[in-house]
4 protein chains.
Amino acid sequence: MAEGVRARRKAERPGEILQAAFEEFVDRGYAATRLEDVAARAGVTKGTIYFYFETKENLFVTMVRELSRPIHEEMEGFLADHNGTTREFVRAYLGFIYKVIAEDAHFREILRLLIAEAHRFPALVDEHDERCGTPIMEHLRQRLEEGANRGEIRSAGSLDYPQIILGPALSLSVIMLLFSDRKPVDVERYFEAHVDLVLNGLLPRNGEVS
Amino acid sequence: MAEGVRARRKAERPGEILQAAFEEFVDRGYAATRLEDVAARAGVTKGTIYFYFETKENLFVTMVRELSRPIHEEMEGFLADHNGTTREFVRAYLGFIYKVIAEDAHFREILRLLIAEAHRFPALVDEHDERCGTPIMEHLRQRLEEGANRGEIRSAGSLDYPQIILGPALSLSVIMLLFSDRKPVDVERYFEAHVDLVLNGLLPRNGEVS
Amino acid sequence: MAEGVRARRKAERPGEILQAAFEEFVDRGYAATRLEDVAARAGVTKGTIYFYFETKENLFVTMVRELSRPIHEEMEGFLADHNGTTREFVRAYLGFIYKVIAEDAHFREILRLLIAEAHRFPALVDEHDERCGTPIMEHLRQRLEEGANRGEIRSAGSLDYPQIILGPALSLSVIMLLFSDRKPVDVERYFEAHVDLVLNGLLPRNGEVS
Amino acid sequence: MAEGVRARRKAERPGEILQAAFEEFVDRGYAATRLEDVAARAGVTKGTIYFYFETKENLFVTMVRELSRPIHEEMEGFLADHNGTTREFVRAYLGFIYKVIAEDAHFREILRLLIAEAHRFPALVDEHDERCGTPIMEHLRQRLEEGANRGEIRSAGSLDYPQIILGPALSLSVIMLLFSDRKPVDVERYFEAHVDLVLNGLLPRNGEVS
DNA sequence: TATGAATGAGCTTTCATTCAT
DNA sequence: GATGAATGAAAGCTCATTCAT
């Protein structure tokens, strides 16, 4: 029985350290984070960190990779199945994005770290992009293209730049990073307004009363 | 004559230090930047920095403030005069935003620093927001409201969240921060697609052939 | 059968560790040697070393003792039987010394360790001296004394300081330690020149053609 | 006046640190020496050491170089002027060597460091050899060759290996390193016996009564 | 016997900051 | 104004040693 507990703890050590590292790196940034604080937060000593991770850089990279994994998996699951009209798809798609980008503090903070440390860890940015950014954009692009082919939507220029369609969501993420809780946003309304803009634009539509 | 040169140099010292600080802080982040490197880049010694700035924090804050000033001034100039249809306004407005947000590396890198150090310098974020973010948003919001009142545009939900309308531009900025030159974007086309989406949305407009 | 192999391996463990320790200590010196590297070289884990040896110091001391033993035994064997003229003895004696001091890298490297760590392990130096240095010197001294009594050699002052007679050999050892293979020496010729000097000195002998 | 004192101290700092480093390195060896102890001995703080020397390795190398310099200079002075018979030369020459090699603890301890750290600092060994070992050997060789040409001494094989002639002196140095003060040697008598052996060898000379 | 996870003291090195000149 | 020598408090990293299994 005691074995079980010890073994389980042992197996969980790296994960616990990674979680602690995430929190410290997010709070202080890469350079200002002290391994000693990470250790304390994980309930181990400095030496233990070096038993599992070669360097601070390695810990950081592994942390970003590992803490992004759940998001990637959820994303893949979402991308797998989706049908319905393009209109419905856009709403569902943006809904999912908001769940990840705006409501998941994990994802948001990893975004902060990637922006902050893009110069130091360009490969990490690219890796994250390949697993997360590119698939999301590409999937959106394809579905919109199909929708345009089927005449459901205009073949607008933004179909080539899915970033434009997702932009307001990423923006919200950045705003939340900048202001923490000092400038709260009604995400629900923001989301609805975003969907509305993407689908209808600002100009009056025929028969619509401004 | 020599005195004149020296005097002018002296007067420029603080500015040179701030410029050097900007470059170093951008390259390495706040914590990882060494004052010694800033000094070397500015062509002075560490001690000189302390003659002009009290601490590293103070240097950072002053630098962000000072290097943002030209942008603020340009912005105020722009916000001052603008007439024409809402349609024209939106295009001109976004055009200006792109000049600042996408083409001015200075602004972009300050954004990076603000995102990265938002926890350490929340007051600096707020200050920057008051001088730059809020006025831009508020101005846009008012003009759009007027346009809606005049019936030029729909009274869409996004009128309450100008961030949504500007979102794709901010997004581009973030993308450029993440990938430097590894993923170049055709800003001209991106901009046009952005304007098109904001004005027309994705759904087919009456009489429009997809 | 497998047990036999395992049992034999087990019995050899300490020896393998000592051998590995020798190589690492020689390469890096006492303080810079990591027990982990010793373990890796011996094909065991760090813990295993502590099963056989109490501390790093203990491992070092035991290693020097154990790796010196074959030399001591060979030496005792040599010292046991020797007759012939003093002239013959000197040549044979020096020949043996060269085999040990100049050709046996083991001995040489132990000498390096003793010199390097003389301050930290004085007792080890003394122990080695008692088993190796003193007997060699004393034996030489006695035989030379006998030779002098018999009139075979001069009763020169160097009879009281056998170190002088052996000096060039020890010197060669030190030179080899300093230059590894960067300054190769023709040991055969060096040896002959050494014997010649010891027996004849530099001054011309009667009837000898310079 | 106060300036003078401060300036003098400033100029002496590096030298004081070097001297302190010498003592610590000699006592503990390269790896086991703590920069903190060097600093304390020099009366400065750790940081100051790094103001003058880039790394511990650099401090070590500089120290060996700098502390060897006086010896090199003395040596060059000695090698400059010498005449008289070869017999006289050998005595004077060895006399000088003993002064350096046996009586100068500085030189001896540097020899210990070079032997101990030959693997880590081979270039330093070679450098020291070029400035100290080779010139001494070469000078001796030339003078002996001349002596042999003039018929003053035998053209013995050891003329090609001056190390053999100096060997007993180097040996004494090593012995002193090994035993510190635990085995005192009468250097005067040792020296005389050495000179005697080099000049006359062990075999009886004609007309000499053993 | 042997392992390997874990420790913690201690190491080299860094760097913001000070201050006499 | 400006310098640069000096500080000292960390920070990242190492490693001999321990101990439950």
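Side chains are part of it too, since the values below use all heavy atoms of this structure and drop only hydrogens, waters and symmetry mates. Note that the structure is a prediction, hence the values are computed from the model and not measured. By convention in this document, chain letters (A, B, ...) are assigned in the order of the sequence lines, proteins followed by strands, and residues within each chain are numbered from 1.
- Residue C/V44 is the one, among A/Y52 and C/V44, whose nearest nucleotide of DNA chain E lies closer to the 5' end (criterion: closest heavy atom).
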Item to check | Stepwise side chain to side chain contact (heavy atoms under 4.5 Å, CB included) test for C/F121 and C/L114 | outcome: CA-CA 8 Å; C/F121 298 103; C/L114 291 176; over 6 Å; no

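- Taking C/Q19 as the reference, C/F22, C/E23, C/L67, C/H106 meet the side-chain contact (heavy atoms from CB on, under 4.5 Å) condition, with sequence neighbours excluded.
- Atom CZ in C/F53 sits roughly 16 Å away from atom P in F/dT18 (whole-Å rounding).
- Atom-to-atom, CZ of B/F51 to P of E/dA20 comes out at 16 Å; the value is rounded to the nearest Å.
- Evaluation of the salt bridge (Lys or Arg N to Asp or Glu O under 4.0 Å) rule for C/K46 yields C/E36 as partners, not counting sequence neighbours.
- Sorted by first and then second residue, the pairs that involve residues 105-118 of chain C and meet salt bridge (Lys or Arg N to Asp or Glu O under 4.0 Å), not counting sequence neighbours, are C/E109-C/R112, C/E117-C/R120.
- Note that OG1 of B/T48 is 11.5 Å distant from CD of B/E16, once rounded to the nearest 0.5 Å.
- In this structure, A/R13 reaches the E/dA6 phosphate: one of its side-chain N or O atoms is under 4.0 Å from OP1 or OP2.
- With contacts defined as side-chain heavy-atom distances shorter than 4.5 Å, the pair B/L18/B/L59 qualifies.
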Could you pull out all donor-acceptor pairs under 3.5 Å where a side-chain atom in residues 25-33 of chain B meets a protein atom, sequence neighbours excluded?
| unit_1 | atom_1 | unit_2 | atom_2 | d |
| --- | --- | --- | --- | --- |
| B/Y30 | OH | B/E57 | N | 3.2 |
| B/T33 | OG1 | B/E24 | O | 3.1 |
| B/T33 | OG1 | B/G29 | O | 2.7 |

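- Between A/F60 atom CZ and F/dG12 atom P the separation is 14 Å, expressed in whole Å.
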Checklist outcome for this item: Under a 4.0 Å heavy-atom criterion, the protein footprint on nucleotides 8-13 of chain E, written with B, S and -, is B-BSBB

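- Between B/L124 and B/E127 the shortest side-chain heavy-atom distance falls below 4.5 Å.
- Between B/D37 atom CG and E/dT14 atom C1' there is a gap of 12 Å when expressed in whole angstrom units.
- Taking CD1 of C/I115 as the reference point, atom CD1 of D/I115 lies at 4.0 Å (rounded to 0.5 Å).
- Rounded to a whole Å, the CD1 atom of B/I49 is 16 Å from the C1' atom of E/dC19.
- Per the geometry, CG belonging to B/N58 stands 14 Å off C1' belonging to E/dT17, to the nearest Å.
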Checklist entry - In dot-bracket notation, what is the pairing pattern of DNA chain E, taking Watson-Crick (N1-N3 plus N6-O4 or O6-N4) and G-U wobble (N1-O2 and O6-N3) contacts under 3.5 Å, with [ ] crossing and | for other strands? => result .||||||||||||||||||||

